[in-house]
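Proteins come first, then strands; the chains are lettered A, B, ... in the order of their sequence lines, and each starts at number 1.
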2 protein chains.
Amino acid sequence: MELISSNRSFGGWHKRYKHQASSTSCEMTFAVYLPPQTAQGGKVPVVYWLSGLTCNDENFATKAGAQRVAAELGIALVMPDTSPRGSEVADAGRYDLGQGAGFYVNATEAPWQRHYQMYDYIVSELPALIEGHFPVTNRKSISGHSMGGHGALMIALKNPQAYRSASAFAPIVNPAQVPWGETAFSEYLGDDRSAWLVYDSCHLMQHATQMLPLLIDQGDQDSFIPQQLQPSALEKIALAKQWPFTLNIQPGYDHSYYFIASFIEAHLRFHADHLGA
Amino acid sequence: MELISSNRSFGGWHKRYKHQASSTSCEMTFAVYLPPQTAQGGKVPVVYWLSGLTCNDENFATKAGAQRVAAELGIALVMPDTSPRGSEVADAGRYDLGQGAGFYVNATEAPWQRHYQMYDYIVSELPALIEGHFPVTNRKSISGHSMGGHGALMIALKNPQAYRSASAFAPIVNPAQVPWGETAFSEYLGDDRSAWLVYDSCHLMQHATQMLPLLIDQGDQDSFIPQQLQPSALEKIALAKQWPFTLNIQPGYDHSYYFIASFIEAHLRFHADHLGA
């Protein structure tokens with residue numbers, strides 16, 4: 001693990017690292033925010049943040065204003081990249097597939113399957129690295145935006161024992177049914193649509209036996225709602241199952257980081273409540 | 001004036017505009033944040049933000065987290081570009097001169113003097129435009145970072161009747177004496193160093209007859225301190241003149257937006273106190 005940069009932020013430290021990852025067979029970059037409480041020898045819980053299409057670890061780090069709230073609440077933030085990267089890693093020359101668009105799945109199809117193992121990286125390899133090297137507890141929650149909102153909800157629904165809570169901004173809740181998901185899943189997972197369902201939050205919630213608290217915020221001026229996002233599809237299942245689930249439709253807000261910045265404090269307070277931070 | 005984009009942010013609106021400016025004889029871009037109080041018919045005071053070398057109106061808008069505080073306090077933010085721009089505008093192919101590096105002066109020398117009239121743009125043309133088109137009062141304060149910290153302090157010291165307060169993050173306080181200033185001022189203002197002094201905050205404070213409250217934050221791990229910034233030069237004059245002046249040296253902080261984001265709330269609260277917001 002090699003330190004790339006370190007910036008003091010709200011009394012704590014924002015640090016970027018790179019490391020050779022075994023799951024994705026390439027060098028991966030991630031950022032971690034360590035709140036001031038860790039400087040006094042304390043261990044803190046972690047919120048993992050999964051970013052959306054085209055992003056890397058820096059978008060959320062620089063634009064969301066999350067460090068301020070994490071510093072107050074005593075929470076570490078971990079911000080991975082959205083895909084494997086590098087000249088040896090397959091790519092597609094488009095924004096919604098390949099590098100910058102890993103969709104948090106384990107690819108089974110060529111040419112993707114060698115490096116695009118983002119599910120294993122986020123669920124197993126990265127938490128083990130974080131818990132082995134930083135002053136954190138094993139209590140964790142997960143959040144994300146758009147493609148990363150899909151990642152956060154899907155990973156939490158598949159691993160409800162591992163996360164105390166999950167939240168999302170403008171998530172893709174039904175990737176097996178919408179164009180972004182169809183493009184990515186047909187490439188990463190092949191043409192058999194039944195193989196896609198294990199990464200589809202609507203399907204996972206429908207068949208879940210263990211619940212965890214979920215929070216979603218969605219701007220009503222987000223142009224991706226009708227074709228790509230459709231949060232009401234997940235809400236319908238949640239209502240039928242009496243899931244601990246909140247969907248806030250925010251009037252006037254769009255898909256941008258101005259939207260995320262406006263509500264990240266509420267999301268981190270939600271996670272802090274469930275993390276006991 | 002043409003609207004470029006509009007994003008809902010913390011219950012208000014972040015808007016970008018372009019307009020043909022007479023002072024700089026080119027199209028200029030700026031952003032304005034209108035807090036929620038303006039939606040209810042209220043007029044609010046304004047804090048102008050001047051950015052540093054290489055920046056445009058978007059750096060502060062996306063990275064500082066200032067809208068949250070402005071929304072709470074009922075302050076509008078105005079974020080101009082750092083220079084004239086365009087293919088017809090002189091440039092130097094370097095980061096510290098020409099486009100992105102206007103230094104907030106009125107250039108007198110070729111090839112700069114036609115467009116590089118940023119002092120007039122910031123002091124006169126832009127406030128007239130803002131006060132004519134947006135729900136704001138004529139109460140205003142000014143802040144900035146690095147080259148923009150120089151701009152904010154210099155403009156306030158030259159116009160103490162026009163601003164209620166001024167603040168800066170890691171400002172160039174003595175541009176007539178440091179490399180960044182020497183490069184820019186010799187090009188924009190010519191070789192006669194006496195012409196530089198009207199834009200030098202140390203000189204202006206030394207000869208000021210009217211005071212206004214000033215606040216400066218400076219990270220002690222900022223690598224530009226010894227050669228370019230030297231805030232202690234201004235502090236020395238302020239102390240001798242019993243100026244209402246605070247210089248906070250922040251341990252561990254650098255020159256980045258992580259530093260600005262950490263302390264922007266304190267700066268906006270300082271301005272709100274003096275603006276009566």
(message) Quick check for you: among A/Ser256, A/Ala261, A/Ala71, A/Gly65, which has the greatest number of heavy-atom pairs under 4.5 Å with chain B?
(response) A/Ala261
(message) Could you measure the distance from the CZ atom of A/Arg8 to the CG atom of B/Asp220? Nearest 0.5 Å is fine.
(response) 9.5 Å
Could you tell me which portion of [X] (side chain, backbone, both or neither) has an atom closer than 4.5 angstrom to a non-hydrogen atom of chain B?
X: A/Thr62; result: both
X: A/Gln67; result: side chain
X: A/Asn7; result: both
X: A/Ala64; result: neither

(request) Using heavy atoms and a sub-4.5 Å threshold, report which of residues 10-19 of chain B line up against chain A, by residue number. (result) B/Phe10, B/Gly11, B/Trp13, B/His14
(message) Report, in residue-number order, which members of residues 35-47 of chain B are under 4.5 Å from chain A by heavy-atom distance.
(response) none
(message) Applying the side-chain contact (heavy atoms from CB on, under 4.5 Å) criterion to A/Tyr258, which one of B/Ser5, B/Ser9, B/Ser6 satisfies it?
(response) B/Ser9
(request) Under the ring pair (Phe, Tyr, Trp, His ring centres under 6.0 Å) rule, collect the residues that match up with A/Tyr33, sequence neighbours excluded. (result) none
(request) Under the ring pair (Phe, Tyr, Trp, His ring centres under 6.0 Å) rule, collect the residues that match up with A/His133, sequence neighbours excluded. (result) none
(request) Heavy-atom distances under 4.5 Å only: say whether B/Tyr253 touches chain A with side chain, backbone, both or neither. (result) both
